[in-house]
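Sequence lines set the chain letters: A, B, ... in the order given, protein chains first and strands last, and positions in each chain run from 1. Predicted, not measured: the structure shown is a model, and the values here were computed from it.
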There are 4 protein chains.
Amino acid sequence: MLPAEVRVDDLMTAAADLFIAKGIEATTVNDIVELAGVGKGTFYHYFATKEDVILALRERFSRDFTKKVADALAQCPGDDHRARFATWLRGTVEAYIANYELHDVVFHEFRHSNRNSKEKEIVIAQLSALLGEGAKADAWSLPDVRAAAIAIYDGMHGVVDDAIATGNGDAGAICDRLSLLFGRILVA
Amino acid sequence: MLPAEVRVDDLMTAAADLFIAKGIEATTVNDIVELAGVGKGTFYHYFATKEDVILALRERFSRDFTKKVADALAQCPGDDHRARFATWLRGTVEAYIANYELHDVVFHEFRHSNRNSKEKEIVIAQLSALLGEGAKADAWSLPDVRAAAIAIYDGMHGVVDDAIATGNGDAGAICDRLSLLFGRILVA
Amino acid sequence: MLPAEVRVDDLMTAAADLFIAKGIEATTVNDIVELAGVGKGTFYHYFATKEDVILALRERFSRDFTKKVADALAQCPGDDHRARFATWLRGTVEAYIANYELHDVVFHEFRHSNRNSKEKEIVIAQLSALLGEGAKADAWSLPDVRAAAIAIYDGMHGVVDDAIATGNGDAGAICDRLSLLFGRILVA
Amino acid sequence: MLPAEVRVDDLMTAAADLFIAKGIEATTVNDIVELAGVGKGTFYHYFATKEDVILALRERFSRDFTKKVADALAQCPGDDHRARFATWLRGTVEAYIANYELHDVVFHEFRHSNRNSKEKEIVIAQLSALLGEGAKADAWSLPDVRAAAIAIYDGMHGVVDDAIATGNGDAGAICDRLSLLFGRILVA
DNA sequence: GATGAATGAGGCTTCATTCAT
DNA sequence: CATGAATGAAGCCTCATTCAT
């Protein structure tokens with residue numbers, strides 16, 4: 001009888017590992033509890049359904065992701081907007097590379113008819129704010145901040161995915177390439 | 001006893017409608033044959049497995065998509081690279097808006113652990129070629145054509161998704177916004 | 001691949017036997033298909049849920065029951081109302097004795113919040129008609145035909161149950177006792 | 001930490017309410033403790049199993065029921081047998097109407113293969129005694145006291161059920177109708 | 001006394017696929 | 001060609017009960 005948090009965490013981690021390894025559908029609740037080393041009832045003590053773990057994983061992922069980037073940004077002088085963008089890009093790429101497998105599985109493989117998830121919205125809001133501040137301070141001009149944020153975010157995803165797929169998974173190189181690309185968008 | 005093609009088409013269309021409405025997993029072969037108005041055995045006459053329909057749907061979607069854009073490009077003078085890009089963008093956005101629901105379901109919901117599908121590769125190749133030609137003709141310069149193609153393509157997807165989600169699904173307005181954005185990337 | 005009716009019947013009979021022997025709750029769908037000698041899927045080919053068999057059993061029971069009594073009554077001169085009541089009583093008691101186990105299980109053990117089932121209503125209507133005709137022909141008088149029908153029907157059930165429980169399960173003797181009792185109700 | 005009796009009573013009442021509302025099977029021990037506002041362990045302090053509550057509920061119901069009728073009868077002169085029967089009828093109908101939902105659930109829905117419960121036997125014995133005394137005193141004659149008691153008791157149940165179902169749940173009117181009916185049985 | 005986390009056996013149901021007609 | 005009855009493996013989930021705190 002450990003504290004509830006420990007169990008929940010064990011179960012979520014076990015689930016994440018299996019989802020990554022075998023996919024969501026192929027992973028059974030049995031697999032999860034076996035790997036977590038608890039009884040099946042325990043799973044349902046903490047999660048109402050199998051879907052629930054996925055949702056919890058999503059939230060945990062987003063929370064971690066957003067926090068990591070926010071922490072990095074906090075280290076950055078508030079008025080050097082280009083540096084802030086570079087920091088955002090670096091943090092985002094690194095966080096994504098570190099966990100893209102879980103990201104894939106949890107955000108793409110499982111979509112219960114929610115095209116634009118709350119989670120993505122948070123990330124977009126974070127980037128939009130950064131871009132908006134830069135625009136306000138005339139570090140760059142942007143006719144449509146939100147569209148730019150989305151294009152940059154999804155563009156980043158695509159390029160990183162491609163880098164991973166083609167084996168060029170080095171965060172530094174990817175960031176350089178993306179900086180060049182997105183630098184063109186962030187002009188006066 | 002209609003010609004086989006008609007049957008196949010009926011089944012694919014029924015499947016597509018159901019996949020969009022209920023998702024792939026929730027759609028059973030029973031649902032499909034019922035909507036198509038044929039017996040269950042007929043399904044297995046034309047498709048080896050349920051997966052097969054999805055694959056067929058993917059191919060049909062890609063074929064249509066690529067063809068539509070290629071046709072539009074064919075109308076365009078080969079040396080006006082900016083116009084060609086505008087044409088590509090317009091065609092792509094329109095085709096995507098017209099069928100994004102099927103696109104979602106068939107390309108995202110079903111991923112047999114294939115991060116970069118053959119189909120996406122074709123589209124990227126098409127755009128890369130266009131961008132490469134423009135670069136070669138000095139219409140613009142591009143340090144990394146493939147990265148630019150991917151970023152533009154995925155960026156476009158994200159912005160269109162957002163436009164649809166927020167109810168601004170007008171192709172013209174979206175293209176204008178995207179032209180402004182991507183125009184910045186395509187500079188000398 | 002036998003005709004559908006055969007399978008349905010096999011399954012219903014197997015279910016009935018098991019319900020009687022072990023009770024509804026204790027009987028699993030597995031038990032049923034095993035006894036019926038079919039695959040588990042076959043069960044769900046014909047019945048949507050386990051409850052469905054119970055409902056089907058109810059209807060079959062009622063249909064048989066009503067028909068048996070109606071047939072017996074058809075043999076009876078339409079104007080000898082006392083004889084008709086005796087016939088009804090005899091038929092009802094016999095049919096009930098022959099199948100009270102199934103009756104118990106199917107009508108009492110399983111009640112999905114339906115106090116007065118459609119099935120009972122049919123039987124009551126049948127008896128009410130008989131009593132009403134007798135009253136109209138002055139074979140007896142009855143201030144409240146429906147109440148009398150219900151009291152007689154449920155009273156019969158109770159007495160037969162008691163006879164069965166105490167081992168006096170002889171239909172003839174039971175009918176004699178009941179005739180005496182109910183004869184008092186059916187007076188001018 | 002209330003006195004044990006209070007706890008037991010809270011649990012029984014919670015259970016009764018839920019059994020009535022959702023049925024016995026559908027009611028979980030969790031539901032019960034939640035409604036009672038106690039921990040799950042507490043339930044098992046006072047009841048060995050879930051069945052135990054049902055049994056306890058049965059006994060409480062029967063005790064209350066029998067007592068109520070016995071009290072009413074005690075007010076009645078011992079030699080006015082018709083009045084005594086009328087009192088019995090009135091008390092029984094009223095008690096039943098007041099609690100028929102619990103009665104249903106506790107006596108019908110849960111039957112551990114006990115067709116004739118000990119509890120019913122008590123009630124029948126009570127009525128049999130009353131009828132027997134009347135017969136001995138020549139207030140009426142009865143060839144089979146037990147059969148009459150059962151028929152009257154079950155007949156009463158049926159008629160009251162019907163009255164409730166058809167919305168004529170007035171105890172007075174029901175008793176009038178039943179008096180007329182059963183009065184015919186209780187003749188010299 | 002009171003709690004509620006932990007359990008695990010076992011039930012119901014789904015559904016892709018086959019194949020005799 | 002077309003059908004749909006038959007299958008059975010496999011999954012999700014329930015819930016009464018226990019027991020360490």
Open item on the list: Tell me whether the rings of B:F61 and B:H103 are parallel (<30°), tilted (30 to 60°) or perpendicular (>60°).
Closed with: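 Because their plane-to-plane angle lies in the 30° to 60° range, the rings of B:F61 and B:H103 count as tilted.
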Task: Geometric class of the D:F47/D:F43 ring pair [parallel <30°, tilted 30-60°, perpendicular >60°] - done: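 It falls in the tilted class, 30° to 60°.
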Please determine if a side-chain N or O atom of [X] lies less than 4.0 Å away from the OP1 or OP2 oxygen of [N].
X     : N      : result
D:K50 : F:dA16 : yes
C:H45 : F:dA5  : yes
D:R7  : E:dA2  : yes
D:Y44 : F:dT17 : yes
B:Y46 : F:dA2  : yes
B:T42 : F:dT3  : yes

- [ ] In plain terms, say whether B:D9 and B:R60 are close enough for a salt bridge, that is, a side-chain N and a carboxylate O under 4.0 Å apart.
- [x]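 Salt bridge present between B:D9 and B:R60.
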Task: Counter-base of E:dA2, judged by Watson-Crick or G-U geometry with both distances under 3.5 Å - done: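 Pair assignment: E:dA2 / F:dT21.
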Task: Pair assignment for F:dC15, Watson-Crick or G-U wobble, requiring both distances under 3.5 Å - done: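 Base partner found: E:dG8.
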Measure [atom1]/[X] against [atom2]/[N] and give the value in whole Å, please.
X     : N      : atom1 : atom2 : result
D:E51 : F:dC15 : CD    : P     : 16 Å
C:E34 : F:dG8  : CD    : P     : 12 Å
C:I32 : E:dT13 : CD1   : C1'   : 13 Å
C:E25 : E:dG10 : CD    : P     : 15 Å
C:F47 : F:dA5  : CZ    : C1'   : 14 Å
D:D52 : F:dA16 : CG    : P     : 14 Å
D:N30 : F:dC13 : CG    : P     : 17 Å
D:K22 : F:dT14 : NZ    : P     : 12 Å

Task: Residue mapping more 5' on DNA chain E - nearest nucleotide basis, A:G39 or B:V29 - done: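 Taking each residue's closest nucleotide, the earlier one in sequence belongs to A:G39.
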Task: C:K40, nearest nucleotide to its side chain (from E:dA16, F:dA9, F:dC13) - done: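 My answer, after comparing the listed nucleotides, is F:dA9.
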- [ ] With heavy atoms under 4.0 Å as the rule, sort D:V33 into base, sugar-phosphate or nothing.
- [x]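 Nothing, no nucleic acid heavy atom in range.
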- [ ] Step through the shown structure and confirm whether more than 12 heavy atoms of other residues, nucleotides or ligands are within 6.0 Å of NZ on A:K68.
- [x]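 Result for NZ/A:K68: open.
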Open item on the list: Counting only heavy atoms from other residues, nucleotides and ligands, does the tally under 6.0 Å from NZ of B:K22 exceed 12?
Closed with: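 Enclosed: over 12 neighbouring heavy atoms sit under 6.0 Å from NZ of B:K22.
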Task: First encountered from the 5' end of DNA chain F, between B:F43 and A:T27 - done: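 With A:T27 and B:F43 compared, the 5'-side residue is B:F43.
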